Amino acid sequence: MTPANLADTVLSAARAVFETRGLDVAALPTTTSVERPRNPEHGDYASTLALQVGKKVGVAPRELATALAEELGRRDGIKAVEIAGPGFLNIRLDDASTGVIARTVVAAGSAYGRSTQLEGQRINLEFVSANPTGPIHLGHTRWAAVGDALRRVLTAAGAEVTSEYYINDAGAQVERFARSLYASANGLPTPEDGYGGDYIGEIAQRIVAAEPDLVGQPEETALPVFDARGYELMLTEIRESLERFGVHFDVWFSEKTLHGGGAVEHAIEELRKQGHIFEDGGAVWLRTTDFTDDKDRVLIRSNGEKTYFAADAAYYINKRERGFDRCVYLLGADHHGYIGRLKAIAACAGDDPKQNIEILIGQLVNLVRAGQPVRLSKRAGNIITLDELVEAVGVDAARYSLARSSTDSALTLDIEEITKNSSDNPVFYVQYAHARVSSLLRNAAEKGIVRADDYDPALLSHDREKNLLKTLGEFPAVVATAAELREPHRIAVYLEERVATDYHRFYDACQVLPKGEEQVTDLTHARLWLVEATRTVIANGLDLLGVSAPERM
RNA sequence: GCGCUCGUAGCUCAGCGGAUAGAGCAACGGACUUCUAAUCCGUCGGUCGCAGGUUCGAAUCCUGCCGGGCGCGCCA
């Protein structure tokens with residue numbers, strides 16, 4: 001019996017109790033859940049249903065719990081129900097009803113954990129969107145890891161997700177980038193407001209190698225070439241870095257195409273229809289203060305130039321016109337000031353800012369070296385790039401350490417720690433569990449032991465077997481919660497603190513394969529089902545994080 | 001100044017209103033002739049920033065304060 005099955009059983013028992021007592025069934029929630037108590041004395045699962053609804057219907061929670069316990073105790077698979085504290089229901093299951101979880105997991109295979117809870121939702125998920133004027137650095141890398149994991153989690157929950165990268169290629173910064181390349185190619189000092197990293201020199205060299213005539217040419221003729229070639233090379237580098245990191249974007253969206261294609265004008269028309277456009281001082285404004293912004297925003301400056309904000313508005317409207325009903329933005333904490341204006345764009349466009357647009361703010365990554373803070377600055381030349389991080393620790397460790405903690409907390413990475421001591425990375429704890437499983441299954445195959453078509457679930461009665469089974473049973477709820485809250489780190493926490501831990505403990509206490517002259521028993525087969533179920537959950541979970549599940553380590 | 005956000009063990013972090021707040025690292029002590037010891041078991045370690053409030057119940061929700069981070073352009 002999975003937790004979801006049990007929760008349904010609790011609810012149906014509650015309905016039965018309500019009916020016999022003449023209570024208002026409408027007071028019951030439409031769904032409920034059971035939790036796993038920390039303390040094993042509190043049973044396999046606990047329900048707080050009596051606490052939640054007791055007062056609503058004017059029955060003391062403990063009294064309601066007593067009636068509920070009696071009814072629930074008659075249901076199949078339930079061994080005992082106790083009442084504790086103010087009205088907790090502590091439920092114990094028959095060994096067999098826990099044991100069947102392995103069958104459920106194995107039967108579902110790679111689909112175990114998937115659901116249809118977000119079915120029908122078309123989600124546009126935008127993340128990273130780093131300017132094409134430099135390599136992807138550590139700050140962006142966190143969003144790459146988290147964003148891509150979120151893409152996988154949302155997809156697993158049934159949503160139709162498009163991952164998207166917005167290329168800010170229309171503004172002054174690409175021009176500065178071109179001038180920096182030009183200066184480098186001609187041996188001139190970096191412009192005052194230019195970019196000075198080593199990569200500028202490298203890209204300039206590559207451009208010049210292809211077109212040596214560029215050197216010495218005046219800015220008028222050379223700059224457009226450096227602009228076009230530099231942009232192309234930089235974007236290619238960014239794309240390749242991300243692909244090597246296992247992060248794939250379905251759409252690379254150029255800001256320039258918004259300006260050139262009349263999208264801004266179209267957006268202004270749409271916003272004007274909704275009545276939120278006005279003109280003042282020769283500029284065109286959007287009255288975002290009608291909604292959730294602290295000041296109105298200029299769309300077209302008095303000199304006729306479109307602002308960055310105008311592109312933001314056009315981009316949002318473009319996304320909606322492409323059929324996305326939820327536009328999700330993953331932004332760093334340094335952009336939190338955008339929440340109000342972005343939400344206001346949606347509202348001004350006549351949309352529901354609570355439904356159609358969602359802005360997820362993540363805290364930044366702090367770097368320390370041997371405990372000393374390191375300030376990342378392009379000028380100081382100590383930018384850590386995605387490529388360097390991967391070089392130091394590998395894709396799996398990098399992705400895992402960036403995706404395993406909540407984006408609400410500012411992550412602190414010690415450069416020395418992650419480069420020197422990468423074997424401390426918790427990802428290996430999880431991967432090792434998978435490698436151990438794989439190794440065991442290999443050994444079974446070598447011994448000619450084939451997992452039987454079925455097994456006796458009641459044989460999986462060891463405490464560590466039951467803990468592992470119950471943990472495996474939680475996976476769908478973990479995925480569902482991660483999707484609903486947009487918190488992919490929950491997958492990592494679950495794999496690490498629950499699945500891998502429970503498997504290692506099980507492995508430590510329970511021999512699976514026969515030793516020496518021992519015979520294959522029914523227990524061998526039951527345990528092989530459990531092992532296979534564990535393999536499935538770890539592999540599925542790691543896949544949601546974009547981390548590999550190695551068969552050997 | 002206004003706004004957003006964070007504050008949990010020495011360090012890095014979990015904990016979507018539930019019972020005695022957890023894990024890893026660090027420190028100390030145990031467990032390998034047999035399915036991978038990258039593991040397991042144990043000890044040590046806490047005013048959940050502070051103070052109120054809501055609740056049967058608060059690390060979790062609300063208010064105020066303290067401390068850190070960030071943001072407040074007809075910039076991009």
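Residue numbers start from 1 in every chain, and the chains themselves are labelled A, B, ... in the order their sequence lines are given, proteins ahead of strands. Just so you know, these numbers use all the heavy atoms, side chains as well, and skip hydrogens, waters and symmetry mates. Model, not experiment: these values are computed from the prediction.
Across the strands present, B:rA21 finds no partner; the criterion is a Watson-Crick or G-U wobble pair with both atom distances under 3.5 angstrom. Look at B:rA59: it lacks any Watson-Crick or wobble partner with both distances under 3.5 angstrom. The nucleotide B:rG64 finds its pairing partner in B:rC50, both defining distances of the Watson-Crick or G-U wobble pair being shorter than 3.5 Å. Remark: B:rA37 base-pairs with no nucleotide; criterion is Watson-Crick or G-U wobble with both hydrogen-bond distances under 3.5 Å. Across all strands shown, B:rC44 has no partner, as no Watson-Crick or G-U wobble contact with both distances under 3.5 Å is found. Nucleotide B:rG3 forms a Watson-Crick or G-U wobble pair with B:rC70, both donor-acceptor distances falling under 3.5 Å.
Residue A:Pro426 is out of contact with every strand shown, counting any heavy-atom pair closer than 4.0 Å. A:His335 comes within contact range of no nucleotide atom at all, as no heavy-atom separation falls under 4.0 Å. Residue A:Asp169 is classed as having no contact, given no heavy-atom separation below 4.0 Å to the nucleic acid. Within 4.0 Å of A:Val512, counting heavy atoms only, lies at least one base atom of the nucleic acid. Residue A:Gly340 is classed as having no contact, given no heavy-atom separation below 4.0 Å to the nucleic acid. Within 4.0 Å of A:Ala444, counting heavy atoms only, lies no atom of the nucleic acid at all. Here A:Asp296 lies out of heavy-atom contact (under 4.0 Å) with every strand.
Mapping A:Asn131 and A:Leu411 onto RNA chain B via the closest heavy atom, the residue that lands nearer the 5' end is A:Leu411. Mapping A:Thr48 and A:Arg341 onto RNA chain B by nearest heavy atom places A:Thr48 at the nucleotide closer to the 5' end.
Between A:Asp502 atom CG and B:rA23 atom P the separation is 13 Å, expressed in whole Å. The CG atom of A:Leu51 sits 13 Å away from the P atom of B:rA58 (whole-angstrom rounding). In this structure, A:Tyr308 atom OH and B:rC75 atom C1' are separated by 11 Å, rounded to whole Å. Remark: P of B:rA76 and OH of A:Tyr195 are 13 Å apart, rounded to the nearest angstrom. When rounded to the nearest whole Å, the span between CG of A:Asn366 and C1' of B:rG68 equals 10 Å. What separates NE2 of A:His489 from P of B:rA23 is a distance of 17 Å, to the nearest Å. Computed from coordinates, the A:Glu175 CD to B:rA76 P distance equals 11 Å when rounded to whole Å.
A:Arg490 has a side-chain polar atom (N or O) that falls below the 4.0 Å cut-off from OP1 or OP2 of B:rG15. For A:Thr412, a side-chain nitrogen or oxygen approaches OP1 or OP2 of B:rC13 to under 4.0 Å. Checking the phosphate oxygens (OP1, OP2) of B:rC74, no side-chain nitrogen or oxygen of A:Lys295 falls inside 4.0 Å. At the phosphate of B:rC35, neither OP1 nor OP2 sits under 4.0 Å from any side-chain N or O atom of A:Lys447. Contact between the side-chain N/O atoms of A:His42 and the OP1/OP2 oxygens of B:rG18 is not found at any separation under 4.0 Å. Contact annotation: A:Arg301 side-chain N/O to B:rC75 OP1/OP2 distance is under 4.0 Å.
B:rC11 and B:rG64 have their P atoms separated by 29 Å, with the value rounded to a whole Å. Between B:rG45 and B:rG22, the two C1' atoms lie 13 Å apart (nearest whole Å). For the C1' atoms, the distance linking B:rC25 with B:rA38 amounts to 15 Å, nearest Å. The separation of B:rC40 from B:rC32, taken at their C1' atoms, amounts to 11 Å, rounded to a whole angstrom. For the P atoms, the distance from B:rG42 to B:rA23 is 10 Å, rounded to whole Å. On the C1' atoms, B:rA59 is 16 Å away from B:rA51, given to the nearest whole Å. The same atom, C1', is picked in B:rC6 and in B:rC13; the two are 14 Å apart, to the nearest Å. A gap of 13 Å separates the C1' atoms of B:rU60 and B:rU54, to the nearest Å.
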Checklist outcome for this item: The contact string for nucleotides 36-46 of chain B, one letter per nucleotide 5' to 3', using protein heavy atoms under 4.0 Å with B, S and - for base, sugar-phosphate only and none, comes out as BSBSSS-----
Checklist entry - How does protein reach along nucleotides 3-9 of chain B, written 5' to 3' as B (base within reach of a heavy atom under 4.0 Å), S (only sugar-phosphate), or - (no contact)? => result BBSS---
Checklist entry - Yes or no on salt bridge (Lys or Arg N to Asp or Glu O under 4.0 Å) for A:Lys466 and A:Asp44, after CA distance, side-chain angles and deciding distance? => result CA-CA 9 Å; A:Lys466 289 201 282 187; A:Asp44 294 315; 5.3 Å; no
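Residue A:Leu495 comes nearest to A:Gly541 through the heavy atom pair CD1-C, 3.6 Å, listed as atom of the first residue, atom of the second, then distance. Here the closest heavy-atom approach between residue A:Pro514 and residue A:Gln519 is recorded as CB-O, 3.7 Å. Of all non-hydrogen atoms in A:Pro37 and A:Ala46, the two that sit nearest each other are CG-CB, 3.9 Å.
Comparing B:rA76, B:rC25, B:rU55 by their closest approach to the side chain of A:Asp424 singles out B:rC25. The side chain of A:Arg38 has B:rG22 as its nearest neighbour among B:rG22, B:rA14, B:rC74. The side chain of A:Ala172 sits closest to B:rA76 out of B:rC72, B:rA76, B:rC16.
The 12-atom threshold is not exceeded at CG of A:Asp522, counting heavy atoms of other residues, nucleotides or ligands nearer than 6.0 Å. Crowding of A:Glu518 atom CD: a count of heavy atoms from other residues, nucleotides or ligands under 6.0 Å exceeding 12.
Ring centers of A:His335 and A:Tyr329: at least 6.0 Å apart, outside the cut-off. Residues A:Tyr429 and A:His504 place their aromatic rings such that the two centres sit under 6.0 Å apart.
For the atom pair OH of A:Tyr503 and CZ of A:Arg464, the computed distance is 13.5 Å after rounding to the nearest 0.5 Å.
Counting heavy atoms from C-beta on, the side chains of A:Val106 and A:Trp529 come closer than 4.5 Å.
For the residue pair A:Tyr400 and A:Glu496, a side-chain donor N or O sits within less than 3.5 Å of a side-chain acceptor on the partner. In the model, A:Asp396 has a side-chain atom that pairs as donor or acceptor with a side-chain atom of A:Gln431 under 3.5 Å. In summary, the side chains of A:Thr407 and A:Arg486 do not present any donor paired with an acceptor at a separation below 3.5 Å, with no hydrogens or angles considered.
B:rC11 takes the anti form, because its glycosidic angle lies more than 90° either side of 0.
Residue-nucleotide stacking is not present for A:Phe88 and B:rG18, judged by a side-chain ring centre under 5.5 Å from the six-membered base ring centre and planes under 30° apart.
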